[in-house]
Amino acid sequence: MGKTAIIWFRKGLRLHDNPALLAAARDADHLCPIFILDPWFLKPDKISVNRVQFLLESLADLDASFRARGSRLLVLRGKPQEVLPRVFKDWGVTHLCFESDTEPYAKQRDAAVRELAEAAGVEVHSPVSHTLHDPQLLLARNGGRPPLTMQSFTKLVDAVGAPPAPAADPPEKLPPLAPKAETEAAAAAVPSLADIGYPPAGTTPFKGGETAALARMADYLSDKDWVCAFEKPKGNPAAFVRPATTVLSPYLKFGCLSPRLFHAKLQQIYTEKNGKHTQPPVSLRGQLLWREFFTLCGASIPNFDRMEGNAVCKQIPWVDDPERIKAWEESRTGYPWIDAIMAQLRQQGWMHHLARHSVACFLTRGDLWCSWEAGQAVFDKYLIDADWSLNAANWQWLSASTFFSQYFRVYSPISFGKQYDKDGAYIRHFLPVLKDFPSKYIFEPWTAPLSVQQQAGCIIGKDYPRPIVDHATVSKENMARMKAAYDAAKAAAAAGGSAGGGGGEGGKPAKRARKK
DNA sequence: TATTGGTTGCGGAA
DNA sequence: TTCCGCAACCAATA
């Protein structure tokens, strides 16, 4: 009996460093590359046109690469748990290969698919290639619990050693489709946005696909001095003509770019430069380690995208106000720096990491006191690089719920941006309504005299909103709320620790004495 | 149990 | 440009 294999793409939308593809193609008589458009991921109210456009571009690029190798990509539609059993049978499939995925939805889906494959007599192979290391391996090496600081995570990674080298490129010629799959090919082309219920075009300037990913990586890596001097916290969040970071995140999210290839290229440059380069956590390599760290947390901490039931997350009594959340989402807070960032998010599906910090702090502990989960949902909708684990982790970080606890460090919606965008070029670009405001007032337009507002053709309170809250006042109030929540968490931990008698040790002090 | 250090705050003083 | 106050955080380590 011959081998008819499916390579099932979900993330990992690339031919390079793709061990699942190699396993499927090896000694196969027939290779069927498929992507399944799962209705779960195609909800226009939950997932913006920009990210879906990026996905479809990535699929088109993948299809072109397969065609160049005598094959093609079939885009099927429906629930994978329903589509796959059908094609197993119709196409005479013997092997199913796909990249391992640690997100909760994927884990559940893939477990179900494995069972269905087993029932159909289909052999399943699911290698790790979305991260540098296998999260399960890292977890085991750390005693079954994820580290909760970047420092300890970096130590763990160093102890594990170099990540696997990128897999070999696939052969120039790939096995043909199964004959029965061939008959479905015409109906399985990469669809247009309109075909799947979206507006005809998005507005992001970033183009999806492996080809674009490799070109972008080559572009940013060509400046080796820049690579070696990279320090993330020193980047300029207001740079939008050429962003201060690589913008490889959407390509890593969809797997158009292999993290192991990127990592290997970085190490090569570092070696060439004789070790004179920045270090994690701030270096470019450090950025890959953050991704690795947060992916491990997402893979191993139950309910990682929620506050309740999330054992590492501080329980904070946020008050979700739908009007506040909407105003924040729609650039109506009255703080131009915040509103410009949110406009960039909606328009481009991407903003600099520090810009994300500004708006995340503003929505949660800084100003609006809304739940980080609400912000997470908005980012998940609009970001082209939205990643389940990274999004949850960063929102917990910024809201000082997990990982980070110095809640008295609050970003100012006025001062923070001013350091970078002195003349307000970023604000003018993303908030054209303010484009004629003088630089002096552009971060605080409500302080401009009426005559200035008239001259700028923008009346505050009419053409652009007044500030939704007074930052100086609410940030102080919120700090006190944070302190109360932290104290309550400490008290709860102390009570929980001594109650139940499970631990066996004598009572912990109910509360640690604090020196004054 | 105490110490160390943490990718990325702000505003004012020196 | 660097430092201090704010009001005092906490995981990892020794």
Side-chain angles (χ1 to χ4, degrees), chain A residues 142-143 145-159 229-239 244-245 277-294 296-297 301 311-314 316 335 337-338 341 351-362 364-367 390 393-394 396-420 443-444 471-494 497 505 508-509 511-516:
Chain A
N142 201 53
R145 321 176 64 127
L148 292 174
T149 67
M150 181 57 170
Q151 237 178 19
S152 52
F153 178 79
T154 304
K155 266 188 200 165
L156 172 63
V157 167
D158 287 347
F230 184 90
E231 284 182 74
K232 181 66 161 288
K234 294 197 177 160
N236 179 355
T245 50
H277 58 85
T278 52
Q279 294 288 338
V282 298
S283 65
L284 215 40
R285 174 172 173 260
Q287 305 315 301
L288 275 176
L289 297 191
W290 281 105
R291 173 177 183 269
E292 201 80 359
F293 173 31
F294 287 156
L296 175 58
C297 291
I301 298 168
V312 298
C313 183
K314 196 89 59 189
I316 297 171
Y335 286 96
W337 173 248
I338 299 298
I341 294 167
M351 351 55 126
H352 187 275
H353 193 61
L354 290 177
R356 301 182 193 201
H357 277 217
S358 276
V359 296
C361 184
F362 187 88
T364 57
R365 66 189 169 87
D367 296 81
L390 274 57
N394 281 308
Q396 285 171 76
W397 187 294
L398 260 298
S399 62
S401 301
T402 311
F403 307 116
F404 177 82
S405 45
Q406 284 157 289
Y407 56 76
F408 38 87
R409 294 189 188 172
V410 175
Y411 290 86
S412 162
I414 300 156
S415 317
F416 185 72
K418 249 187 215 172
Q419 302 167 53
Y420 304 100
F443 281 84
E444 302 162 272
H471 173 72
T473 310
V474 297
S475 60
K476 286 275 177 303
E477 289 170 4
N478 289 348
M479 249 182 249
R481 287 163 125 172
M482 288 300 285
K483 177 172 165 42
Y486 271 51
D487 284 349
K490 250 178 283 183
E505 8 202 347
K508 278 184 194 167
K511 201 178 174 184
R512 222 185 292 165
R514 314 212 65 77
K515 35 183 168 179
K516 192 81 228 267

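Residue numbers start from 1 in every chain, and the chains themselves are labelled A, B, ... in the order their sequence lines are given, proteins ahead of strands.
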Q) Think A/K483 forms a cation-pi with A/Y407, using NZ or CZ under 6.0 Å from the six-ring centre and within 45 degrees of its axis? A) no
Provide the distance between the two C1' atoms, one in C/dA8 and one in B/dG6, to the nearest whole Å. 15 Å
| said: Would you say that A/V282 contacts A/K234 through its side chain, given a criterion of any heavy-atom pair below 4.5 Å between the two side chains? | reply: no
Between CZ of A/F362 and P of B/dG9 the distance, given in whole Å, is 18 Å
NE2 of A/H353 to CG of A/L398, rounded to nearest 0.5 Å, is 7.0 Å
In whole angstroms, the gap separating P of B/dT4 from NZ of A/K155 amounts to 14 Å
Checking C/dA11, B/dT8, B/dT7 against the side chain of A/L148 (C-beta onward), the nearest is C/dA11
Rounded to whole Å, the CD-C1' distance (A/Q406 to B/dT7) equals 12 Å
A/Y486 has its side chain closest, among C/dC10, C/dA11, B/dG9, to C/dC10
A/T149 side-chain N/O to B/dG6 phosphate OP1/OP2 under 4.0 Å
no
Taken to the nearest whole Å, CG/A/N478 to C1'/C/dA7 is 16 Å
### Message
Considering every strand and a 4.0 Å limit on heavy-atom distances, what is the contact class for A/P147: base, sugar-phosphate, or nothing?
### Response
sugar-phosphate
A/F153 atom CZ is separated from B/dG6 atom P, nearest whole Å, by 17 Å
* A/L148 and A/F403, any side-chain heavy atoms less than 4.5 Å apart -> yes
Looking only at C/dC10, C/dC9, B/dT7, the nucleotide nearest the A/K314 side chain is C/dC10
Mutual orientation of the aromatic rings belonging to A/F404 and A/W397 [parallel < 30°, tilted 30-60°, perpendicular > 60°]
parallel
Query - Minimum side-chain heavy-atom gap A/I316-A/S401 below 4.5 Å - result: yes
Taken to the nearest 0.5 Å, the spacing of A/N236 CG from A/L354 CG works out to 9.0 Å
Rounded to whole Å, the NZ-P distance (A/K232 to B/dG6) equals 17 Å
(Q) Donor-acceptor pair, distance only, cut-off 3.5 Å: does the side chain of A/E231 make one with the backbone of A/L284? (A) no
Next on the checklist: I'd like to check A/F416 versus A/C361 (side-chain heavy atoms, cut-off strictly below 4.5 Å). Are they in contact?
Outcome noted: no
CE (A/M351) and CD1 (A/I341) are apart, to the nearest 0.5 Å, by 7.0 Å
- Task: Output yes when at least one side-chain N/O atom of A/Q151 is less than 4.0 Å from OP1 or OP2 of C/dA12, else no.
- Result: no
When rounded to whole Å, the CZ to P distance for the pair A/F404 and C/dC10 reads 12 Å
Protein-nucleic acid N or O pairs under 3.5 Å, nucleotides 2-6 of chain C:
none

Give the intermediate values and the outcome of side-chain contact (heavy atoms from CB on, under 4.5 Å) for residues A/W290 and A/K232.
-> CA-CA 11 Å; A/W290 281 105; A/K232 181 66 161 288; over 6 Å; no
Output row for DNA chain C, stems defined as at least 3 consecutive Watson-Crick or G-U pairs under 3.5 Å, is B:1-6 with C:9-14, B:9-14 with C:1-6
Can you see if the side chain of A/K483 gets near the phosphate of C/dA7 - specifically, an N or O under 4.0 Å from OP1 or OP2? no
To the nearest angstrom, the CH2-C1' distance between A/W397 and C/dC10 comes to 12 Å
Tabulate protein N/O versus nucleotide N/O from nucleotides 10-14 of chain B, keeping only pairs under 3.5 Å, one per line.
unit_1 : atom_1 : unit_2 : atom_2 : d
B/dC10 : OP1    : A/S412 : N      : 3.0
B/dC10 : OP2    : A/Q419 : NE2    : 3.0
B/dG11 : OP2    : A/S415 : OG     : 2.5

What's A/M479 touching, base or sugar-phosphate or nothing? Going by heavy atoms closer than 4.0 Å.
nothing
The side-chain hydrogen bond (donor to acceptor under 3.5 Å, both in side chains) partner of A/S358 among A/Y411, A/Y335, A/W337 is A/W337
